[in-house]
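First the structure, in the form of structure tokens, and then the observations on it.
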Amino acid sequence: MHELTIMKNVVSICEQNAAGSRVTSVTLDVGELSGIVPGALEFCFDSCTKGTLLEGASLKIIIIEPQVRCNGCKALFGARAYHDSCPECGGFDIEILFGEELRVKELEVV
């Protein structure tokens, strides 16, 4: 359950950027290929925010669907796994453009 460590780091990033202000809402972008379980992040949020500037804040997670480009035929397509082939040419030389990310997208502070 590496989501606990990830959430501790998210809280730290948010506190640094809140500059002493109370955080009321946090929005995260989580890519489907990131290997992160959004439900586990949500589970860890309350315990990781206790006693911090984020205590009582809400958490919103936006799931980012993978976007992939085939380096053979340049087709763009969605993928469900790293080993998916291009639906246009069947090639496996692909580049993942989106879907691996985890980032703090937005903070609301008061």
Side-chain angles (χ1 to χ4, degrees):
M1 184 166 173
H2 63 284
E3 283 81 0
L4 179 61
T5 301
I6 291 169
M7 186 51 73
K8 287 179 180 178
N9 289 328
V10 166
V11 170
S12 177
I13 290 167
C14 291
E15 285 198 304
Q16 290 170 16
N17 287 283
S21 298
R22 193 170 72 82
V23 177
T24 58
S25 176
V26 177
T27 303
L28 302 177
D29 282 344
V30 178
E32 286 184 355
L33 296 178
S34 67
I36 297 168
V37 179
L41 284 179
E42 292 169 343
F43 179 78
C44 297
F45 185 71
D46 284 342
S47 62
C48 289
T49 58
K50 281 195 172 151
T52 72
L53 296 172
L54 286 75
E55 187 168 354
S58 64
L59 173 66
K60 181 179 181 183
I61 296 175
I62 298 172
I63 305 299
I64 307 298
E65 293 184 16
Q67 181 71 41
V68 178
R69 177 177 40 227
C70 176
N71 290 324
C73 71
K74 308 299 182 201
L76 297 175
F77 59 98
R80 291 284 166 225
Y82 283 101
H83 53 77
D84 283 356
S85 64
C86 175
E88 297 295 323
C89 71
F92 286 94
D93 182 14
I94 61 172
E95 177 181 358
I96 297 175
L97 304 174
F98 304 102
E100 297 179 301
E101 60 273 72
L102 168 65
R103 66 176 156 252
V104 177
K105 180 177 184 174
E106 186 175 289
L107 291 178
E108 289 182 16
V109 298
V110 291

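Note that the structure is a prediction, hence the values are computed from the model and not measured. We number each residue from 1, following the sequence as shown.
- R22 pairs by the side chain to side chain donor-acceptor pair (under 3.5 Å) definition with nothing, not counting sequence neighbours.
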Throw together a table of side-chain donor-acceptor distances under 3.5 angstrom for residues 36-48, partners on residues two or more places apart or in other chains.
residue: S47; atom: OG; partner: C44; partner atom: O; Å: 3.1

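- Linking Ile, Leu, Val, Met, Phe, Trp and Tyr residues whenever their side-chain heavy atoms come within less than 4.5 Å leaves I64 and F77 in two separate clusters.
- Under a hydrophobic-cluster definition in which Ile, Leu, Val, Met, Phe, Trp and Tyr are linked whenever side-chain heavy atoms come within less than 4.5 Å, directly or via other members, I63 and V26 are assigned to the same cluster.
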Sequence neighbours left out, cut at 3.5 Å: what donor-acceptor pairs do the side chains of residues 8-16 make with other protein atoms?
residue: N9; atom: ND2; partner: T5; partner atom: O; Å: 3.3
residue: S12; atom: OG; partner: Q16; partner atom: NE2; Å: 3.3
residue: E15; atom: OE2; partner: L53; partner atom: N; Å: 2.9

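- Across all their heavy atoms, A18 and L107 have their closest contact at N-CD1, 4.4 Å.
- Under the salt bridge (charged side-chain N to carboxylate O under 4.0 Å, His left out) criterion, no residue pair touches residues 52-65, with sequence neighbours excluded.
- Contacts classified as salt bridge (charged side-chain N to carboxylate O under 4.0 Å, His left out) and involving residues 75-84 (residues at least two apart or in different chains) are given here: E32-R80.
- Atom CG in L59 sits 5.0 Å away from atom CE in M7 (nearest 0.5 Å).
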Return all side-chain donor-acceptor pairs below 3.5 angstrom for residues 86-101, not counting sequence neighbours, or 'none' if the list is empty.
residue: D93; atom: OD1; partner: N71; partner atom: ND2; Å: 3.2
residue: E95; atom: OE1; partner: R69; partner atom: NH2; Å: 3.2
residue: E100; atom: OE2; partner: Y82; partner atom: OH; Å: 2.6
residue: E101; atom: OE1; partner: G99; partner atom: N; Å: 2.6

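- When side chains are defined from C-beta on, L28 counts as touching V104, because their heavy atoms get closer than 4.5 Å.
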